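Report on the following structure.
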Amino acid sequence: MAEFQILKQGAIEHWTIDGEARRNALSRAVVAELEQHVRRVSGADRSVRAVVLTGAGDKAFCAGADLKERAGMAEPEVRSFLEQLRRTFRAIELSDCVFVAWVNGVAFGGGTELALCCDLRVIAPTAQMGLTEVKLGIIPGGGGTQRLPRLIGKGAAKELILTGRRVEAEEAVRLGLANRQGGLAEAHALAEAVVENAPIAVGAAKHAIDEGLALDLDAALALEQRKYELTIKTEDRLEGLKAFAQKRKPVFVGR
Ligand code: COA
């Protein structure tokens, strides 16, 4: 059974976790299918430039790991599930595709971690986010302890992770955990604003930011230079200059 509803709108795909009855929890099947979709849009066919990721229904974006499935897993199965989860989340970051999470409802544990590995987050006014794992005797296992402090800083991340507190939409935006409040239209508009731009430039900028954050400033600036190089030889760079001179919108081709 398909775990996602997929809807293509031009260069943007909407992926909806189709598990409303279990609040879109991350079962093994959901993660396996997510990994396949991420590979599909990150491969040779670059027709999908941005993905808006959300959950079915209006209650949950994703309630984290599927705790019912987890209850029946032996320890090695838990480890292999986490390995696949980490690999899949990392593939989202490494993809040239831009991922916008529309956090349409609660996002707890792995649900927040899924949103964290996306490039941009729009949160519905009624939604909540939180890394609630310590309340279950575990720690975030899908990158939350590493991605949250990189996004919102160490102090705020420690407060949220060590207390397991849930935050409302307004606080999520104030902390920088979400970019803005809004509905699906806002999330789609953000994706549209990205795919208007030159594909190679967008991919290079995404990776310059993500990879550079792990480096000291000199190494990060050298990385920026290498990423800039990727754009210098492109037709799109020349098209950008020509369109500016001709006072028209550029038409980018991804070369
Ligand atoms: N895994 C598996 N099933 C889940 C789930 C999860 N993470 N979260 C919710 N569900 C299931 C519930 O068991 C329930 O199933 P049932 O109808 O068979 O009893 C169904 O989804 C609806 O859940 P319910 O709690 O009744 O809905 P709600 O809208 O009032 O609350 C949540 C939704 C997500 C706030 C609440 O279910 C919750 O706190 N879930 C646990 C989230 C969590 O701790 N995640 C971190 C994992 S590390």
Side-chain angles (χ1 to χ4, degrees), residues 1-5 15-35 53-90 92 101-118 121-152 156-173 175 177-178 181 183-184 187:
M1 198 193 86
E3 305 290 338
F4 284 80
Q5 299 164 26
W15 297 356
T16 305
I17 309 172
D18 198 8
E20 188 177 357
R22 50 188 163 73
R23 300 299 181 260
N24 306 315
L26 297 170
S27 62
R28 276 182 285 207
V30 169
V31 176
E33 198 176 306
L34 178 61
E35 186 173 25
L53 182 58
T54 192
D58 57 5
K59 294 218 167 55
F61 169 72
C62 170
D66 187 323
L67 297 175
K68 288 178 184 160
E69 185 182 69
R70 177 70 58 90
M73 280 187 194
E75 283 175 21
E77 292 176 294
V78 176
R79 288 193 193 95
S80 85
F81 171 82
L82 286 174
E83 203 176 293
Q84 183 169 35
L85 191 71
R86 289 195 194 103
R87 192 174 65 226
T88 304
F89 287 1
R90 189 73 181 123
I92 288 175
W102 180 42
V103 182
N104 57 308
V106 296
F108 297 141
T112 280
E113 291 178 306
L114 174 59
L116 283 174
C117 66
C118 291
R121 286 152 293 279
V122 176
I123 184 166
T126 53
Q128 294 180 334
M129 297 178 77
L131 289 177
T132 53
E133 284 88 344
V134 292
K135 291 185 180 296
L136 291 166
I138 51 176
I139 70 168
T145 62
Q146 304 309 308
R147 292 193 179 98
L148 189 64
R150 281 170 169 74
L151 186 66
I152 68 171
K158 277 194 174 165
E159 182 186 325
L160 294 194
I161 292 173
L162 303 185
T163 65
R165 185 162 73 77
R166 301 168 171 197
V167 299
E168 308 281 341
E170 198 184 321
E171 186 179 3
V173 173
L175 289 172
L177 178 50
Q181 286 193 46
L184 182 59

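Ligands are counted one by one from 1 in listed order, and the atoms in each one are counted from 1 as well. Since the model is a prediction, treat every value here as computed from it, not as a measurement. By convention here, the first residue in the shown sequence is residue 1.
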message = Other residues, nucleotides and ligands only: do more than 12 of their heavy atoms fall within 6.0 Å of CD on Glu159?
response = yes
For a quick test of your reading: what N or O donor-acceptor pairs under 3.5 Å do the side chains of residues 136-145 make, sequence neighbours left out?
none

key: Qualifying residues under ring-ring contact (aromatic ring centres under 6.0 Å, His included), relative to Phe4, sequence neighbours excluded   = His37
ask   = Leu177 versus Leu116: any side-chain heavy-atom pair under 4.5 Å?
value = yes
ask   = Under a 4.0 Å heavy-atom cut-off, what residues line ligand 1?
value = Ala21, Arg22, Arg23, Ala25, Lys59, Ala63, Ala65, Asp66, Leu67, Lys68, Val106, Phe108, Thr132, Glu133, Leu136, Arg166
ask   = Which residue pairs pass the side chain to side chain donor-acceptor pair (under 3.5 Å) test with at least one member in residues 57-69, sequence neighbours excluded?
value = none
query = Can Glu75 and Arg79 be counted as an ion pair, charged N to O under 4.0 angstrom?
reply = yes
